[in-house]
Amino acid sequence: MALENSTLRVSVSEKGEEPAPPVIFDAPPPKAPTTNQNRSLQDKMAAREAQANQPRKKVQGAGQERGRFGWGRNKRKRKRQRYVEKNGRCNVQHGNTGTYRYLTDIFTTLVDLNWRCSLFVFVMAYAVTWLFFGAIWYLIAYCRGDLDHLEDVAWTPCVNNLNSFISAFLFSIETETTIGYGHRVITDQCPVGTMLLLLQAILGSMVNAFMVGCMFVKISQPNKRAETLVFSRNAVISLRDDKLCLMFRIGDLRSSHIVGANMRAKLIKSKQTQEGEFIPLDQTDISVGFETGDDRLFLVSPLVIAHEIDCRSAFWDMSQAQLEKDDFEIVVILEGMVEATGMTCQARSSYLAEEVLWGHRFSPMMSLAEGFFDVDYGAFHHSFEVDTPSCSAHELALATARREAHLYWSISSRLDEENRLDEEEKWDPPPPMVDQSVKTTTTTTTTSSPVTNDDRGDANDEPMTATTFVVGGGLNDAIGEQNGSVALTSQSESEA
């Protein structure tokens, strides 16, 4: 394609090499086009081709590292959405619930409102009732013609000195609040006014009881008491009595204590069942001493709550490497009764997986002063590193069991060997010794006599040999008498 009236810069670079210097093709200066439509298609194609051939620069942002193929990737792990905030607020919003359900329990709804809405409802409840009954009092005066006989002394109105809506509104306030200044007063010539006075007094008492009750409950709520119940910023995992334990610390900043404090913990983690069902935010109980009663606290000074990671724990197979890439949340709940008011208080907090420190232990914060124990809350969140195995509690238990089994069998085998040697020395007889009472006699007797030819044919002509073994004598004689003596005699005689 011929390029006219343009200057083209071409830059070609191979993979892994420095870009080659651009090649410049000079052309005659272009003529100024009269309109944008005069720009040729060749010029547009050349500009796009030149822009496409330029090397692209990969921008590496902060907090990123170059990956395998040169693309930037984020070093930081994606932060998990909290189920419960650190201040105890549950991060859950309910939708499509229906407003009528909240109106059926209007008292709890008003108590649960924030202070701005509660004060607005409180003011509007009184203002609306005052205006409503004030309008009714003005309507009664208008219908009876009291406003037309303001200057008539002989006329008996329903309410004396009620000559406008403002005066009717003030009379409504005096009636409902039982102030009674005495200037505006109802007369006995108005039975409708008497009925309205009774109705306003009853409804006013109900409004007072309802709104004052809501405000009292809202003021006396122990939610702010939980602000002085603090949890450690991080949870730690370390050895305690040769067992891995998950620990966190709690404390009470007030001098008035929490009565009957009880501790609970939950593991929030999504899981999938064997049937393929996905359960989001599944809740698993974490034992903090329910079986032994250690979950009931005497919270006078800061305490370290420990969860022993055993075979029933959800962290039984979790190692340090798995903790760094796992995704879960631990929700801790402290419940108790406020000593000053007698109302139940609940404080909550949570720990994400990155807020659990492996191989750490909390720093001590209590010291003995003169006559009392001094607690330094400046070290409440501090922890320090300790020697902790990076394997899981399951692997640690197996290693401990193998070590104990090896030690047991080595000691047992040594004891068995010693016992066997003792038994052999006890029951084996001593080596045999030569006894003079044991005699072995071998006698060979040969009798020779003149042999005749008649006697050679006799089958019984043989030399006589006698061999006798005698076992006995001395100690062996007694034994032989009991067990039987052994005598072997072989005799061969030859008869002529």
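Only a predicted model underlies this, so the values are computations on that prediction, with no experimental measurement involved. Values below: every heavy atom of this structure, side chains too, minus hydrogens, waters and symmetry copies.
- Across S232 and K86, no two heavy atoms sit closer than the pair O-NZ, 4.1 Å.
- Within 6.0 Å of the CD atom in E385, the count of heavy atoms belonging to other residues, nucleotides or ligands does not exceed 12.
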Q: Give the C-alpha distance, both sets of side-chain angles, the deciding distance and a yes or no for side-chain hydrogen bond (donor to acceptor under 3.5 Å, both in side chains) between E329 and S350.
A: CA-CA 7 Å; E329 182 176 357; S350 66; 3.1 Å; yes

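- Using bins of under 30°, 30° to 60° and over 60° for the plane-to-plane angle, the ring pair F169/W130 lands in the perpendicular bin.
- Put simply, the side chain of R249 never gets that close to the backbone of P302: no donor and acceptor are under 3.5 Å apart.
- The side-chain contact (heavy atoms from CB on, under 4.5 Å) with L396 is formed by just one residue from the set D242, L244, I309, T388; it is L244.
- Here the shortest heavy-atom pairing between H360 and S383 reads ND1-OG, 3.4 Å.
- Side chain of N91 to backbone of Q81: no donor-acceptor contact under 3.5 angstrom is found.
- The backbone N or O of W155 sits nowhere less than 3.5 Å from a side-chain atom of H149 that would complete a donor-acceptor pair.
- Across every non-hydrogen atom of M343 and S220, the tightest pair is SD-O, 3.1 Å.
- Here the side chain of D376 pairs no donor or acceptor atom with the backbone of M365 at under 3.5 angstrom.
- Although no hydrogens or angles enter the test, the distance criterion places no donor-acceptor pair under 3.5 Å between the side chain of T187 and the main chain of V159.
- C245 is linked by a disulfide bond (SG atoms under 2.5 Å apart) to nothing, counting only residues two or more places apart in sequence or in another chain.
- When all heavy atoms of K218 and D112 are compared, the closest pair comes out as NZ-C, 4.5 Å.
- Residues S319 and E395 bring no donor and acceptor atom of their side chains to less than 3.5 Å of each other.
- The closest side-chain heavy-atom distance from D295 to R264 is not below 4.5 Å.
- Judged by distance alone, with hydrogens and angles left aside, the side-chain atoms of H307 form a donor-acceptor pair with the main-chain N or O of S287 at under 3.5 Å.
- Evaluated for a side-chain contact (heavy atoms from CB on, under 4.5 Å) with F171, the options F133, Y138, W137 yield exactly one hit, W137.
- Shown here is Y181, whose OH atom has no more than 12 heavy atoms of other residues, nucleotides or ligands within 6.0 Å.
- Side chain of E227 to main chain of K224: no donor-acceptor pair is present (N/O by atom type, distance under 3.5 Å, no hydrogens or angles).
- Although no hydrogens or angles enter the test, the distance criterion places a donor-acceptor pair under 3.5 Å between the side chain of T194 and the main chain of C190.
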Q | Step-by-step side-chain hydrogen bond (donor to acceptor under 3.5 Å, both in side chains) determination, Q322 to S392 | A | CA-CA 9 Å; Q322 187 178 358; S392 64; over 6 Å; no

Q. Do T292 and E308 pass the side chain to side chain contact (heavy atoms under 4.5 Å, CB included) test, and can you show the C-alpha distance, the side-chain angles, and the key distance before you say yes or no?
A. CA-CA 12 Å; T292 60; E308 181 180 335; over 6 Å; no

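- Taking the six-membered ring where the residue is Trp, Y351 and F248 present tilted rings, their angle falling between 30° and 60°.
- Here the side chain of S349 pairs no donor or acceptor atom with the backbone of G88 at under 3.5 angstrom.
- Side-chain atoms of E339 come within 3.5 Å of backbone N or O of H257 as a donor-acceptor pair.
- Salt-bridge annotation for R312 and D285: absent, with no side-chain N of the basic residue lying under 4.0 Å from a carboxylate O of the acidic one.
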